[in-house]
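What follows is a single structure, written as structure tokens, with notes after it.
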Amino acid sequence: MATRILPGMEFYRTNSNLKWIILAVSSLISFGSIVYTDRLVRELKARERQDVQLFARAIEYASKEDFNTNMVFVTEEIINKNNSVPLILADAEGQVIFARNVEVDSSQNADRIQQQLRREAAVMQTYYEPIIIELRDPTRNNEPYALQKVYYRNSSLLVQLTAFPYVQLSVIAIFAFISYLAFNYSKSAEQNRVWVGLAKETAHQLGTPLSSLMAWVEVLRDDPELKKKGFVEELDKDVRKLRVVTERFSSIGSTPQLKPENIYHLISNVVSYLEPRVSSKINFEVYSLSEHIMAAVHAPLFEWVIENLCKNAVDAIGTSGTVAIKVLRGSDRKVLIDISDTGKGIPKANQARIFKPGFTTKKRGWGLGLALAQRIIELYHNGRIFIKSSEENLGTTFRIELNSV
Ligand SMILES: Nc1ncnc2c1ncn2[C@@H]1O[C@H](COP(=O)(O)OP(=O)(O)O)[C@@H](O)[C@H]1O
Ligand SMILES: [Mg+2]
């Protein structure tokens, strides 16, 4: 079965391709950004570790000298020049000798600070193994006389850099999501304007010749000659149908008022209008458990939906078969209408697309029937319309859900 997309409707197709391309490109950018920052993070980590090791070696080297002056030199020259790696120097018993880039509450007494730093060192140890320093005495053959440990963790720069791609991607994702919503909203607002504008214009243009036709029918009715031949009745029927069409267009262009209507009767009306106009090999059946199932609908628009679904069913059947319509009462105060045919069915691949405007598989189709039906049922009646089931070469059932009164 050839699927045809009408000119001007390619937008819906290219649009969905475009969506995938945009998605692919943005995933690629996100992935690239994460991989790249990950590399930076690893390099910076290695460099920070080297700095801490340098610090440790410097202490080892300088241990024979006066501790405090050396410490000043080592910290000024090495630690302050790195990316502010927080580190703690402690002796073998864990007594903290010195801390750098670690926030301490200096209003506390020395014991408290010592405790806090020990806790901090314990936390640091969960990130990185401390670096061991062996202090040697040069006067005694460089024999080691004490052990010290340098605890450290990532600098705040490194921490930020690690989080950066995620923050960046979240911001981009939020922005993209908002733009998508705005784009969709403006697209559907534009579609709405087209639907409503075109419908109003059509109703308006039909209106003038229609009123004059109606007047002419009245004039002709007065002619006894014509009246006898039954011409006027036939003409009147067509004029009335034209009025129904005009009313449909004018209702879809405004907000239609819903009224309690007998669903079984409305459907029977449509079927008795259609039945004589299609092949006699197509059989129509309307079932309802009760003839008094009421729902809040706008009759001209609702009939239009039923007519569209029946015409599609007839097209799907081809030469001979049955269109069966069932009116049921559902749970939750719903009225259910199932329209089944014994036609060719809808392939799975098309099922998601049939409600899109412009989608048709017919040579002379416009692909607007189901789009219109969906708009009428979902937007104006707050109901639902969907494919209940469809089997290739066996048939299709559409279901409409309406709110009962
Ligand atoms: N009852 C059905 N059985 C099989 N296919 C259907 C049926 N109803 C709709 N379709 C498919 O959905 C398409 C869109 O239907 P519609 O919007 O009414 O447009 P059109 O009738 O102009 O093609 C049809 O071309 C057809 O392929
Ligand atoms: Mg159709």
Side-chain angles (χ1 to χ4, degrees), residues 1-13 15-16 188 191-192 194-196 198-199 202 241 244-245 248-249 252 267 270-271 273-275 277-279 281-287 300-328 336-381 383-401:
M1 186 169 24
T3 307
R4 199 162 61 89
I5 298 284
L6 292 166
M9 296 289 186
E10 310 87 352
F11 177 72
Y12 291 96
R13 205 197 253 167
N15 192 31
S16 75
S188 76
Q191 282 176 6
N192 269 340
V194 175
W195 273 110
V196 167
L198 205 60
T202 307
K241 176 68 187 172
V244 171
V245 171
R248 286 173 179 175
F249 278 104
I252 201 147
I267 292 175
V270 175
V271 168
Y273 170 78
L274 281 178
E275 209 166 10
R277 286 171 174 76
V278 300
S279 148
K281 287 191 191 136
I282 291 173
N283 190 27
F284 279 89
E285 290 164 7
V286 185
Y287 302 103
L301 289 183
F302 177 72
E303 286 177 350
W304 200 2
V305 172
I306 300 297
E307 202 178 297
N308 273 329
L309 292 179
C310 287
K311 281 182 179 163
N312 280 349
V314 169
D315 289 343
I317 288 171
T319 43
S320 73
T322 303
V323 182
I325 306 177
K326 291 195 187 88
V327 185
L328 310 159
L336 310 177
I337 301 149
D338 284 353
I339 297 161
S340 312
D341 62 61
T342 54
K344 62 180 163 42
I346 306 170
K348 275 261 168 328
N350 286 350
Q351 291 190 4
R353 305 199 285 161
I354 57 164
F355 288 100
K356 289 222 158 94
F359 177 81
T360 181
T361 55
K362 297 171 195 167
K363 232 177 172 167
R364 285 175 203 285
W366 292 110
L368 283 181
L370 287 178
L372 188 76
Q374 188 179 46
R375 188 178 167 86
I376 292 173
I377 295 298
E378 298 191 348
L379 206 65
Y380 297 158
H381 290 86
R384 272 180 0 119
I385 177 170
F386 53 92
I387 304 171
K388 192 179 161 215
S389 63
S390 186
E391 244 355 279
E392 267 185 83
N393 297 321
L394 286 179
T396 306
T397 300
F398 276 90
R399 169 164 283 187
I400 298 174
E401 265 180 33

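Both ligands and their constituent atoms are indexed starting at 1 by order of listing. Throughout, numbering of the chain's residues begins at 1 and tracks the sequence.
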Legend entry - Phe359 versus Arg353, closest heavy-atom pair with distance: CB-O, 3.5 Å

Inset, instruction - For atom 11 (C) of ligand 1, state which one of Ile317, Thr342, Ile354 supplies the nearest heavy atom. - result: Ile354

Inset, instruction - Tell me which part of Phe355 gets within contact of ligand 1: side chain, backbone, both or neither, using heavy atoms under 4.0 Å. - result: neither

Inset, instruction - Answer yes or no: is there a donor N or O on one side and an acceptor on the other, between the side chain of Asp341 and the main chain of Thr396, under 3.5 Å? - result: yes

Legend entry - Gly365: numbered ligand 1 atoms lying under 4.0 Å from its heavy atoms: 22 (O)

Inset, instruction - Verify the neighbour count for atom CD of Gln351: are there more than 12 heavy atoms of other residues, nucleotides or ligands below 6.0 Å? - result: yes

Legend entry - Atoms in ligand 1 with a heavy atom of Thr360 nearer than 4.0 Å: 20 (P), 22 (O), 23 (O), 25 (O)

Legend entry - Region of Asn350 engaging ligand 1 - heavy atom pairs below 4.0 Å: neither

Inset, instruction - Number the atoms of ligand 1 from 1 as they appear, then name those within less than 4.0 Å of a heavy atom of Ala316, with their elements. - result: 2 (C), 3 (N), 4 (C)

Inset, instruction - Run the contact test for Gly367 against ligand 1 with a 4.0 Å cut-off on heavy atoms, strictly below, and give the result. - result: yes

Inset, instruction - Provide the full list of salt bridge (charged side-chain N to carboxylate O under 4.0 Å, His left out) pairs with a residue in residues 313-327, sequence neighbours left out, each pair given once. - result: Asp315-Lys362

Legend entry - Subset of ligand 1 atoms that lie under 4.0 Å from at least one heavy atom of Gly369: 16 (P), 17 (O), 18 (O)

Inset, instruction - Please indicate whether Tyr287 has more than 12 foreign heavy atoms, meaning atoms of other residues, nucleotides or ligands, lying under 6.0 Å from its OH. - result: no

Inset, instruction - To the nearest 0.5 Å, tell me how far Leu301 CG sits from Phe249 CZ. - result: 10.5 Å

Legend entry - CD1-CD1 distance between Ile339 and Ile325, expressed to the nearest 0.5 angstrom: 5.0 Å

Legend entry - N/O separation below 3.5 Å, Thr361 to ligand 1: yes

Legend entry - Reported CG-to-CD1 distance for the pair Asp338 and Ile400, which is rounded to 0.5 angstrom: 9.0 Å

Inset, instruction - Kindly compute the distance separating CD (Glu303) from SG (Cys310), expressed to the nearest 0.5 Å. - result: 11.5 Å

Inset, instruction - Report yes or no: does a heavy atom of Lys362 sit under 4.0 Å from some atom of ligand 1? - result: yes

Legend entry - Separation of Ile317 CD1 from Asn312 CG (nearest 0.5 Å): 11.0 Å

Inset, instruction - Below 4.0 angstrom from a heavy atom of Thr396, which ligand 1 atoms are there? Numbered from 1 as shown, please. - result: 3 (N)

Legend entry - Where ligand 1 meets Gly345 - atom numbers and elements under 4.0 angstrom, heavy-atom basis: 4 (C)

Inset, instruction - Under 4.0 Å from a heavy atom of Phe359: give me the atoms of ligand 1 that qualify, with their elements. - result: 13 (C), 14 (C)

Legend entry - Proximal protein heteroatoms (N, O or S) of the Mg ion (ligand 2), under 2.8 Å: Asn312 OD1

Inset, instruction - Using a strict cut-off of less than 4.0 Å between a Lys/Arg side-chain nitrogen and an Asp/Glu carboxylate oxygen, indicate whether Glu307 and Lys241 qualify as a salt bridge. - result: yes

Inset, instruction - Any chance you could measure Lys344, atom NZ, to Glu392, atom CD, to the nearest 0.5 Å? - result: 9.5 Å

Legend entry - Contact partition for Leu370 relative to ligand 1, non-hydrogen atoms under 4.0 Å: both

Legend entry - Considering all heavy atoms, the nearest Arg399-Leu336 contact: NH1-CD1, 3.6 Å

